[in-house]
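Letters A, B, ... mirror the listed sequences (proteins, then strands); counts begin at 1.
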There are 2 protein chains.
Amino acid sequence: MRNPNAFAAACPSREVLARLGAKWASLIINKLNEGPVRFTDLLEQVEGISKKMLTQTLRDLERDGFVTRHLDASRMPVQVDYALTGLGRSAVPIVMTAKEWAEANFESVLEARQRYDSRKN
Amino acid sequence: MRNPNAFAAACPSREVLARLGAKWASLIINKLNEGPVRFTDLLEQVEGISKKMLTQTLRDLERDGFVTRHLDASRMPVQVDYALTGLGRSAVPIVMTAKEWAEANFESVLEARQRYDSRKN
DNA sequence: CTGAATCCCGGCGGATACTG
DNA sequence: CAGTATCCGCCGGGATTCAG
């Protein structure tokens with residue numbers, strides 16, 4: 001495609017944008033940026049995520065080439081860890097910046113929200 | 001808050017992350033970065049969005065301090081345009097980078113997806 | 001032109017239980 | 001440990017209609 005443009009309804013880049021914007025995806029990518037992480041570790045370090053959503057989000061990220069899954073069957077019990085691919089690493093600046101921006105500016109957002117809510121009603 | 005951390009379940013930064021990740025938010029912010037835009041123009045330039053979701057997303061963004069709404073009642077029919085606030089502009093690098101990354105890498109994503117799908121049966 | 005109000009459906013996502 | 005399998009509530013989001 002010559003001119004990929006997310007403003008266009010049919011452009012596949014929108015799906016990619018949706019992937020990155022998915023509820024847990026950016027947090028998982030941020031965490032995997034620290035290095036390979038095991039399933040259970042992700043489960044407890046990305047607080048509040050359920051097994052189901054962790055599995056599902058990891059599958060989506062694996063399918064879209066952001067993440068690789070490595071199973072070590074020599075271990076008992078089985079051990080699995082996930083790591084970023086080159087593509088996944090190239091997306092890190094985006095999700096990391098987003099996370100940091102959110103952490104740095106959430107107070108401003110909450111204040112704006114209060115002003116808005118007290119002004120209306 | 002001393003140590004805002006989006007990995008923590010209770011951290012409000014997660015709401016902010018959700019705002020930016022919402023289906024239409026990043027596209028709208030990207031478009032508003034070109035300057036103030038009228039409702040109808042947004043409606044046709046952010047292809048595929050419905051009136052309902054445009055209104056709703058703009059309200060959310062306004063409430064959270066990303067966007068200002070300006071009504072010009074001297075016009076007939078009424079004319080409304082939306083613009084970014086300082087906070088909104090500070091978020092532009094994130095959503096712009098995300099959009100550009102998606103446009104630049106969606107082919108890699110689609111290829112990975114095909115490999116994944118053909119490998120599994 | 002810029003919405004608000006309804007109706008409605010698919011699916012995201014949580015809770016829980018079961019498995020190799 | 002690392003998932004799968006169900007069940008199900010909620011709400012994101014589209015279509016449509018009405019209004020100032």
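Of the candidate nucleotides dC1(D), dG14(C), dG3(D), dG3(D) has the atom lying nearest to any side-chain atom of K51(A). For R38(A), taking side-chain heavy atoms from C-beta onward, the closest of the listed nucleotides dC1(D), dG14(D), dG3(D) is dC1(D). Across dC1(C), dA2(D), dC1(D), the shortest atom-to-atom separation from the side chain of P77(A) is found for dC1(D). The side chain of F39(A) lies closest to dG3(D) when the candidates are dG13(D), dG3(D), dC1(C).
Side-chain nitrogen and oxygen atoms of T55(A) include none within less than 4.0 Å of the OP1 or OP2 phosphate oxygen of dG3(D). Remark: K23(A) is in phosphate contact with dG14(C), judged by side-chain N or O atoms under 4.0 Å from OP1 or OP2. Regarding contacts with the backbone of dG3(D), a side-chain N or O of R69(A) is found under 4.0 angstrom from either OP1 or OP2. The side chain of S50(B) contributes no N or O atom lying less than 4.0 Å from OP1 or OP2 of dG13(D).
Judged by distance alone, with hydrogens and angles left aside, the side-chain atoms of R19(B) form no donor-acceptor pair with the main-chain N or O of V109(A) at under 3.5 Å. For the pair E47(B) (side chain) and A9(A) (backbone), a donor-acceptor distance under 3.5 Å is present.
As a whole-Å value, the separation of D60(B) CG from dC11(D) P is 14 Å. Between the P atom of dT4(D) and the CG atom of L58(A) lies a distance of 11 Å, rounded to the nearest Å. Atom CG in D41(B) sits about 9 Å away from atom P in dC1(C), given to the nearest Å. Rounded to whole Å, atom P of dG13(D) lies 5 Å from atom CE of M53(B). Remark: C1' of dA2(D) and CD of Q45(A) are 16 Å apart, rounded to the nearest angstrom. Taking atom CD of residue E62(B) and atom P of nucleotide dG3(C), one finds them 9 Å apart after rounding to whole Å. D72(B) places its CG atom 13 Å from the P atom of dG3(C), with the value rounded to the nearest Å. Between Q56(A) atom CD and dG11(C) atom C1' there is a gap of 10 Å when expressed in whole angstrom units.
A side-chain donor-acceptor contact under 3.5 Å links S90(B) and W101(A).
R69(A) pairs by the side chain to side chain donor-acceptor pair (under 3.5 Å) definition with nothing, not counting sequence neighbours. Every side chain to side chain donor-acceptor pair (under 3.5 Å) that R113(A) has, sequence neighbours left out, goes to E15(B), D64(B).
Positionally, the nearest nucleotide of DNA chain D for R59(A) lies more toward the 5' end than for the other of R59(A) and I49(B). Comparing K52(A) and Q79(B) by the nucleotide of DNA chain C whose heavy atom lies nearest to each, the residue mapping closer to the 5' end is Q79(B).
In this structure, R75(A) reaches neither bases nor backbone, as no heavy-atom distance under 4.0 Å exists between it and the strands shown.
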